[in-house]
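Remarks on the structure that follows.
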Amino acid sequence: MAKKIPVLEIFGPTIQGEGMVIGQKTMFVRTAGCDYSCRWCDSAFTWDGSAKGEIRQMTAGQIWERLCELGGDRFRHVTISGGNPVLIQALEELVLLLKNKGVRIAVETQGSRWQDWLYDIDDVTISPKPPSSGMETDFAVLDHIIGKLVGAGRASHVSLKVVVFDDDDFDYAKIIHKRYPEISFYLQAGNDDIMEKDVAALREKLLAKLDWLVEKVAQSNELNDVRVLPQLHALLWGNKRGV
Ligand SMILES: C[S@@+](CC[C@H](N)C(=O)[O-])C[C@H]1O[C@@H](n2cnc3c(N)ncnc32)[C@H](O)[C@@H]1O
Ligand SMILES: Nc1nc2[nH]cc(C(=O)O)c2c(=O)[nH]1
Ligand code: SF4
Ligand SMILES: [Mg+2]
């Protein structure tokens, strides 16, 4: 019997707003549940119980149907995010189905868990969490995950992305980049105001944070081959869900 996947949102077509394939036209599948509880999580509804009633247990086939209902023939890339989608073994069936349909796949995860289906993902974004999140990185696990992907010749399909809010986070980002120098590295400006409803006001704050981060990177001799990005979707549409 087809396995069930806990899904909180399916939306798109939109663009990937972050990281290694920023700007890529994509659909999103957002799974429920996370093994972390970051202080500043912009998707806390996936794990804090506030959207419990919206979780649908769906088969890969049902997810595909919904993607086609929303996207028709206007997509060929799907991003799986969460929560932490890598908690869910059953996503193997969705990954297989999407590959058979010729759809490219991205995954967003924090690097705390492994699934074998990660070998089949075109764009794996691993986003270890800096001190401001309140989470601790288990480096043995992170080493294991990155080691498996690199060992399988998948390094060019993987990136690291550290969200930075303050100086301590910036130092953490340097540690991560130094530990995995062969993996393409992104610094993402943090969004401090996940409750802000006024898009213009949010934009101003996000751009100020991005400006601060670009200047820090410019002045660092340890971050000479990195990319600095905003969350493009937050700049465009603010803290809205489903975009
Ligand atoms: C909501 S998470 C879901 C995937 C996975 N749990 C993770 O954290 O990588 C997707 C991305 O959004 C980032 N993110 C979450 N809250 C943010 C915030 N307030 N500002 C900037 N980026 C944020 C995370 O670091 C992660 O890279
Ligand atoms: N447009 C858009 N881009 C994104 N990149 C990562 C997202 C996420 O929440 O994982 C996200 C999101 O929610 N929307
Ligand atoms: S790991 Fe990702 S989804 Fe989980 S709490 Fe942190 S930012 Fe949110
Ligand atoms: Mg998001």
Side-chain angles (χ1 to χ4, degrees), residues 6 8-51 75 77-88 91 105-113 115 118 121 123-138 141-142 145 158-166 169 172-173 176 185-196 202 205-210 212-213 228-243:
L8 209 41
E9 296 183 309
I10 299 177
F11 61 91
T14 182
I15 55 162
Q16 168 56 267
E18 305 178 14
M20 68 193 292
V21 291
I22 191 167
Q24 169 72 49
K25 184 180 181 182
T26 191
M27 302 291 292
F28 275 87
V29 176
R30 192 184 300 284
T31 58
C34 194
D35 46 325
Y36 279 15
S37 51
C38 301
R39 249 175 229 138
W40 36 251
C41 179
D42 64 7
S43 305
F45 60 91
T46 60
W47 52 265
D48 69 3
S50 61
F75 72 97
H77 188 278
V78 170
T79 303
I80 306 171
S81 186
N84 186 5
V86 182
L87 294 173
I88 304 168
L91 276 171
I105 312 167
V107 163
E108 301 268 340
T109 186
Q110 62 267 41
S112 58
R113 298 294 169 97
Q115 298 285 347
L118 282 170
I121 304 300
D123 318 304
V124 182
T125 295
I126 300 176
S127 181
K129 296 297 174 267
S132 65
S133 68
M135 300 296 109
E136 283 278 343
T137 302
D138 184 334
V141 173
L142 191 56
I145 293 168
V158 182
S159 74
L160 283 157
K161 177 176 75 183
V162 175
V163 176
V164 177
F165 285 83
D166 56 30
D169 291 354
Y172 174 89
I176 296 289
F185 192 77
Y186 293 78
L187 297 105
Q188 173 164 302
N191 174 5
D192 276 318
D193 290 284
I194 51 179
M195 302 314 272
E196 179 63 74
L202 180 66
K205 291 182 201 165
L206 294 177
L207 288 173
K209 183 65 90 186
L210 180 62
W212 168 80
L213 183 54
V228 186
L229 286 173
Q231 288 179 297
L232 187 53
H233 54 104
L235 283 178
L236 288 169
W237 304 303
N239 289 314
K240 223 164 63 188
R241 249 178 78 173
V243 290

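In each ligand, atom 1 is the first atom listed, and ligand 1 is the first ligand listed.
Here the heavy atom of the protein found nearest to atom 8 (Fe) of ligand 3 is Cys41 SG, 2.3 Å. Looking only at heavy atoms of the protein, atom 4 (Fe) of ligand 3 is closest to Cys34 SG, 2.3 Å. Of the protein's heavy atoms, Gly17 N, 2.9 Å lies nearest to atom 3 (N) of ligand 2. Residue, atom and distance of the protein heavy atom nearest to atom 21 (C) of ligand 1 are Gln231 OE1, 3.3 Å. The nearest protein atom to atom 12 (O) of ligand 1, hydrogens excluded, is given as Glu18 OE1, 3.7 Å; this is a heavy-atom distance. In terms of protein heavy atoms, atom 10 (O) of ligand 2 is closest to Ser81 OG, 2.6 Å. For atom 6 (Fe) of ligand 3, the closest non-hydrogen atom of the protein is Cys38 SG, 2.3 Å.
Side-chain N or O atoms of Lys129 include one that pairs as donor or acceptor with a backbone N or O of Ser127 at under 3.5 Å. Side-chain N or O atoms of Ser81 include none that pairs as donor or acceptor with a backbone N or O of Val107 at under 3.5 Å. Arg30 places no side-chain N or O within donor-acceptor distance of the main-chain N or O of Glu9, the cut-off being under 3.5 Å. No donor-acceptor pair closer than 3.5 Å links the side chain of Thr46 to the backbone N or O of Gly33. For the pair Asp193 (side chain) and Glu196 (backbone), a donor-acceptor distance under 3.5 Å is absent. Lys209 places no side-chain N or O within donor-acceptor distance of the main-chain N or O of Asn191, the cut-off being under 3.5 Å.
Close approach to Val163 involves these atoms of ligand 1, each under 4.0 Å from a residue heavy atom: 21 (C), 22 (N), 25 (O). Per-residue contacts place Ser127 under 4.0 angstrom from the following atoms of ligand 1 (heavy atoms of the residue considered): 9 (O), 25 (O), 26 (C), 27 (O). Here is the list of ligand 1 atoms found below 4.0 Å of a heavy atom in Gly82: 1 (C), 3 (C). Set against the non-hydrogen atoms of Ile194, the atoms of ligand 1 under 4.0 Å away are 19 (N). The distance from ligand 3 to the heavy atoms of Lys129 drops below 4.0 Å at these ligand atoms: 1 (S), 6 (Fe), 7 (S). Within the listing of ligand 1, atoms 27 (O) sit less than 4.0 angstrom from a heavy atom of Lys161. Which parts of ligand 1 touch Ser81 is read off a 4.0 Å heavy-atom cut-off, strictly below it: atoms 3 (C), 4 (C).
One option in Trp40, Tyr186, Phe45 has a heavy atom closer to atom 19 (N) of ligand 1 than any other, and that option is Trp40. Of the candidates Lys209, Glu108, Lys129, Lys129 brings a heavy atom nearest to atom 8 (O) of ligand 1. Across the listed options Gly111, Gly83, Ser112, Ser43, Gly83 owns the non-hydrogen atom lying nearest to atom 3 (C) of ligand 1.
At least one N or O atom of Asn191, backbone or side chain, sits closer than 3.5 Å to an N or O atom of ligand 1. Backbone and side-chain nitrogen or oxygen atoms of Lys161 are examined, and none is located within less than 3.5 angstrom of a nitrogen or oxygen of ligand 2. Where the criterion is an N or O separation shorter than 3.5 Å, residue side chain and backbone included, Gln16 meets it with respect to ligand 2. In terms of polar-atom proximity, defined here as any N/O pair under 3.5 Å, Thr109 does make such a contact with ligand 1. Residue Gln188 has at least one N or O atom closer than 3.5 Å to an N or O atom of ligand 1. Below 3.5 Å of separation, one finds an N or O of Gln110 facing an N or O of ligand 1. The distance criterion of under 3.5 Å between nitrogen or oxygen atoms is not met by Gly190 with respect to ligand 1. Polar contact check, Val243 against ligand 2: a nitrogen or oxygen pair lies under 3.5 Å apart. The distance criterion of under 3.5 Å between nitrogen or oxygen atoms is not met by Phe28 with respect to ligand 2.
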Derivation and outcome, side chain to side chain donor-acceptor pair (under 3.5 Å), residues Ser37 and Trp47 = CA-CA 8 Å; Ser37 51; Trp47 52 265; over 6 Å; no
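Of the inter-residue distances, the one linking Ser159 atom OG with Glu18 atom CD reads 10.5 Å to the nearest 0.5 angstrom. Here the straight-line distance linking atom NZ of Lys161 with atom CD1 of Ile176 works out to 14.0 Å at 0.5 Å rounding. A distance of 10.0 Å separates CG in Leu210 from CD in Gln188, rounded to the nearest 0.5 Å.
The closest approach between any non-hydrogen atom of Gly83 and ligand 3 is below 4.0 Å. For the pair Arg30 and ligand 2, a heavy-atom separation below 4.0 Å is found.
Side chains of Asp192 and Phe165 form a contact here, defined as non-hydrogen atoms less than 4.5 Å apart. For the pair Val162 and Leu187, the minimum side-chain heavy-atom distance is 4.5 Å or more. Contact of the Ile15 side chain with the Gln24 side chain is not registered, since no non-hydrogen atoms from C-beta on lie closer than 4.5 Å.
The residues Asp35 and Arg113 are annotated as salt-bridged, a charged nitrogen and a carboxylate oxygen being separated by less than 4.0 angstrom.
Applying the ring-ring contact (aromatic ring centres under 6.0 Å, His included) test between Phe11 and each of Phe75, Trp237, Phe28 identifies Phe28 as the sole match.
Counted by atom type alone, Tyr172 and Thr137 present one or more donor-acceptor pairs between their side chains at under 3.5 Å. Side chains of Thr109 and Asn84: a donor-acceptor N/O pair is present below 3.5 angstrom, by distance only. Side-chain contact, His233 with Gln16: no donor N or O sits under 3.5 Å from an acceptor N or O.
With a 4.0 Å heavy-atom cut-off, ligand 1 is reached by no atom of Thr125. Contacts of Ile15 with ligand 2, taken as heavy-atom pairs under 4.0 Å, involve the backbone alone. Residue contacts with ligand 1 for Asp42 involve both N, CA, C or O and side-chain atoms from C-beta outward (heavy atoms, distance under 4.0 Å).
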